[in-house]
Amino acid sequence: MEKLLWVLSVQDNKEQGLTMQVLDALSLSFNTRLKWFEICVVSGIFSILGTGLLWLPGGIKLFEVFYTFGYTAALASTCFLMGPMKQLKKIFETKRLLSTIVILLCLALTLCTAFWWHKKGLAILFCILQFLLMTWYSLPYIPYARVVLIKCCSSLQS
């Protein structure tokens with residue numbers, strides 16, 4: 001019986017086409033996606049741990065490597081919940097496009113600060129900008145969160 005099921009599944013795979021076979025092979029179960037999400041979020045702690053390395057002599061390079069690794073892992077965590085293609089589509093939506101571009105620019109500038117410019121103040125500034133931009137990028141995932149934040153900020157201003 002198992003051989004019959006195997007033969008039938010092979011014929012189904014031939015009919016599906018190569019693209020569908022590859023996508024089926026790459027799909028993850030919900031539990032696997034959840035585990036990798038947790039791993040990426042925990043790896044995001046490296047960005048916080050890297051901050052302590054900033055004050056060591058010559059620690060700016062270690063700080064930038066740890067911070068960039070942790071930040072990238074935290075960004076990648078959402079790919080496991082939604083799936084990479086859906087995440088890429090959402091990243092380039094009009095309400096997130098500017099945030100995405102500036103986040104990637106700040107990420108690159110943070111690394112440039114560490115490896116070429118050696119300015120701790122700029123490194124911290126770019127890290128703060130990354131945090132603020134990531135918050136602004138994440139808000140549309142929560143209904144009306146941007147509207148509430150804008151109203152709160154405008155009420156604080158007046």
Practice task
Run the numbers on K90 and K86 for side chain to side chain contact (heavy atoms under 4.5 Å, CB included), then give the verdict.
Solution key: CA-CA 6 Å; K90 285 195 174 271; K86 190 173 182 182; 4.3 Å; yes

Stepwise, does the side chain to side chain contact (heavy atoms under 4.5 Å, CB included) test hold for W117 with L109?
CA-CA 10 Å; W117 303 329; L109 288 172; 3.7 Å; yes

* To do: List the steps and the verdict of side chain to side chain contact (heavy atoms under 4.5 Å, CB included) for Q130 and I103.
  => CA-CA 6 Å; Q130 284 179 33; I103 283 171; 5.6 Å; no

message: Would L107 and T68 count as a side chain to side chain contact (heavy atoms under 4.5 Å, CB included) here? Give the steps.
response: CA-CA 7 Å; L107 194 60; T68 304; 3.9 Å; yes

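If you take CG on L34 and OG on S77, they are separated by 11.0 Å, rounding to the nearest 0.5 Å. Put simply, CG on L111 and CH2 on W116 are 8.0 Å apart, with the number rounded to the nearest 0.5 Å. Once rounded to the nearest 0.5 Å, the distance linking CD1 of I91 with CG of L104 reads 7.5 Å. Rounding to the nearest 0.5 Å gives a distance of 8.5 Å between OH of Y67 and CZ of F131. Going from atom CG of L98 over to atom CG of L133 covers 8.5 Å, rounded to the nearest 0.5 Å. Atoms CG and NZ, from L125 and K119 in turn, are 13.5 Å apart once rounded to the nearest 0.5 Å.
When the side chains of ILVMFWY residues are joined at heavy-atom separations under 4.5 Å, either directly or via intervening members, Y144 and I150 end up in two distinct hydrophobic clusters. No continuous path of ILVMFWY side-chain contacts below 4.5 Å connects V147 to L149, so the two sit in separate hydrophobic clusters.
T113 places no side-chain N or O within 3.5 Å of a backbone atom of L122 that could act as its donor or acceptor partner. Under the 3.5 Å distance criterion, the side-chain polar atoms of Y71 are left unmatched by any main-chain donor or acceptor of G44.
Here the shortest heavy-atom pairing between F63 and A123 reads CE2-CB, 4.1 Å. Looking at every heavy atom in both residues, F69 comes nearest to S43 through CE2-CB, 4.1 Å.
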